[in-house]
Each structure stands twice: as structure tokens, then as C-alpha cells.
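Below is one structure; the comments refer to it alone.
Just follow the structure's listing: the first ligand is 1, and inside any ligand the first atom is 1. The figures here come from the full heavy-atom set of this structure, side chains too, leaving out hydrogens, waters and symmetry mates.
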Amino acid sequence: MFTPSTSKGLVRKIGAIKRFMASIKLPKISELPVLGHPLENAKRAAAYRAVDENLDVYKHRVIGIGSGSTVVYVAQRIGQYLKDDEYRDYVSKFTCVATGYQSKQLIIENGLSYGIIEQYPYVDIAFDGADEIDPNLNLIKGGGACLFQEKLVSTSTKLFIVVADTSKKSYTKLGSRWTQGVPVEVVPVAFARVQHDLLKLLNARTVTLRQGGKSKMGPVVTDNMNFILDACFGDIDDPGTLHQKIKSLVGVVETGLFVDNAYKCYLGDSDGEVHTIVKESV
Ligand SMILES: O=C(CO)[C@H](O)[C@H](O)COP(=O)(O)O
């Protein structure tokens, strides 16, 4: 039964929890425990540094959260700011827009407020991963099949920050490290036609309809109910022109070539070292 004494106890407990929460401080990067897998250390190092150096807690209000395994640490870090009493009042006013269901879940799991891009079409800053990054900050994205909403969010901000481990850096041309092909999101009914056009008109070496594998029989269906074709062109000389040509095919929704879009890239290695690539001008 609920009595005044149990209610007093409850109030005391809530007070204690609040005091405990208020005492949580943003963990210092230099004091973080080492993670079990070297690659996870690399991803966390890049993501935490990217957030610490670019997120303006006092000015930014609409934050884009991308997809993939590296961006998990971005959402985690922003969640840590939310718990710190120095930043809580500001971070609690953030609205985070997502690039798909995974990032929506990340936003919610980290206690951040989720908003839809239809209501927040201007994004102050966006963070996302990449599958390959060239020296000019052109990217291949879409390894996780989220490329359309990733492009929507990343082109809705001037501050698009990329987070990755160093294995994603290409020293020469896009397509030299990410060899499974450029992801192309297509309307399902048009997939065979686009596949044919990519091979015959744009000279793709191979074009594969991405399959769900063990977790789903048949083609991968994106968050927008489309299919993904992986089109392999070898080393890509001119990503901008290739993107335009693919985009002009009937049935193509978006390509995974992100050209002249990223502002800065953070590449982490397993020792926790982080290297950056910065775009010359914004
Ligand atoms: O483009 C993406 C999903 O469509 C991801 O950002 C990209 O695949 C990188 O993922 P990860 O951080 O797991 O390496």
C-alpha cells in the first residue's frame, strides 16, 4: 500500500538519483577504458574527437546523426554531454534528425530528442561514417544501405563531419579500397533496367543486386522501400561526373558518391590517435 512514509522515501530516492545524475561529468578522452577490439578503439577515438571539436553545445540546435558502426560513438558522446550538468540545459534543447531507422534508435537510446527532417530541414551540424574517403574528401557511402537519407541530411548542413577508422582512407582514387562497388538506390520496379544501363551505358564492370544474406532472403529493402545495386567501376577518375551520369538514369533514387559535401574527416587508429582531413574552403 502507498503511504505518506513510502512517498517520503520515494522523494528521497528521486533526490539522490538526481544528485547522482547531476554529478556525472563528461568522460575525458584521455581517461577512457580501452575497448576489447582495436577497431572499436579507432572508431570511438574518431567519433569522440569529432564531437568534442565540432559540436557547439551553445549554438547548435539541429544535429544530424548518420548510420553505421562508427556513428554509434557519436550518439554516445552527445548522450554523455546531455548527462553533464554543465551542458544538460543546452543539449536537452537539441533536436536530432536521423538518416534511417538505426540512427533513429541511436538517438532515442542515448536520451536525445528525435525530430523529423521534414520539420527541421536546416541542420546545424551532421556526423556520419563512410566506406571510403579520398584525399579531397569525396566519399563512397551506402555500405549499410542508408545512402539516400544520409545524402539528404549531409547536404542539409554546411558542417558535415565524417568519422571513420583509418582503413577507410584511400590514398588515390575512390573505388581502390571499397571494391564492392558504388551503392545505388533504385526504385524496385526499375532495378533490372538500371542494372542493364549501368553495364551497357556507363560501362560498369559488374552490377549486383544487394541481397539480405542470412538475415533476409531476397534483396535488401532500404528504409525507403527501395533496392540497392552495387556497381563496380574500378578506380573512379571523376566521382562528380560518374555521380551525375548514374543519377540521370531512370529509376535511380540516389548514389553513394558523396562529392564536395564533407567539411572535415576524423580518422581514428587503434592506439586512439586521430588524423584529420579538412576541406580547403567551406
Ligand atoms: O554509409 C553508411 C551506411 O549506409 C555508413 O556510414 C558506412 O557504411 C560506414 O559504416 P561503419 O561506420 O560501420 O564503417
Near Y90 OH, under 6.0 Å, is it more than 12 heavy atoms from other residues, nucleotides or ligands?
-> no
K264 atom NZ: more than 12 heavy-atom contacts under 6.0 Å = yes
Mark yes when over 12 heavy atoms from residues, nucleotides or ligands other than H275 sit less than 6.0 Å from its NE2; otherwise mark no.
-> yes
Short list, please: which atoms of ligand 1 are under 4.0 Å from a heavy atom of G143?
-> 1 (O), 4 (O), 8 (O)
Which ligand 1 atoms are under 4.0 Å away from a heavy-atom of G129?
-> 6 (O)
For atom 1 (O) of ligand 1, what is the nearest protein heavy atom, given as residue, atom name and distance?
-> G142 N, 2.9 Å
Any pair with a residue in residues 157-186 that passes ring-ring contact (aromatic ring centres under 6.0 Å, His included), sequence neighbours left out, goes on the list, sorted by first then second residue, please.
-> none
Do me a favour and list the nearest non-hydrogen protein atom to atom 5 (C) of ligand 1 with residue, atom name and distance?
-> S67 O, 3.4 Å
One finds that the ligand 1 atoms under 4.0 Å from a non-hydrogen atom of D128 are 6 (O)
Determine whether the side chain, the backbone, both or neither of A145 has a heavy atom under 4.0 Å from any heavy atom of ligand 1.
-> backbone
Among non-hydrogen protein atoms, atom 10 (O) of ligand 1 lies closest to G68 CA, 3.8 Å
Going by atom types only, do D223 and Q149 share a side-chain donor-acceptor pair under 3.5 Å?
-> no
Could you tell me whether some N/O pair between G144 and ligand 1 is separated by less than 3.5 angstrom?
-> yes
Looking at L139 and A262, what are the two nearest heavy atoms and their distance?
-> CD1-CB, 4.4 Å
Contact region, K168 to ligand 1, non-hydrogen atoms below 4.0 Å, reads side chain
Quick one: does NZ or CZ of K151 land under 6.0 Å from the six-membered ring centre of F258, within 45 degrees of the ring axis?
-> yes
Identify the protein heavy atom lying closest to atom 12 (O) of ligand 1, giving its residue, its atom name and the separation to 0.1 Å.
-> T70 OG1, 2.6 Å
Which of the listed options, G66, A130, S69, holds the heavy atom that is closest to atom 9 (C) of ligand 1?
-> A130
Minimum non-hydrogen distance to atom 7 (C) of ligand 1, winning option of D131, I140, L139 | D131
Any idea which atoms of ligand 1 are less than 4.0 Å away from a heavy-atom of C146?
-> 4 (O)
Who are the side-chain hydrogen bond (donor to acceptor under 3.5 Å, both in side chains) partners of T241, not counting sequence neighbours?
-> D238
Between OG1 of T179 and CZ of F233, what distance do you get to the nearest 0.5 Å?
-> 14.5 Å
More than 12 heavy atoms of other groups within 6.0 Å of K200 NZ = no
How far is atom 2 (C) of ligand 1 from its nearest protein heavy atom, and which residue and atom name does that atom have?
-> E150 OE2, 3.1 Å
Could you tell me whether D165 approaches ligand 1 through its side chain, its backbone, both or neither, with non-hydrogen atoms closer than 4.0 Å?
-> neither
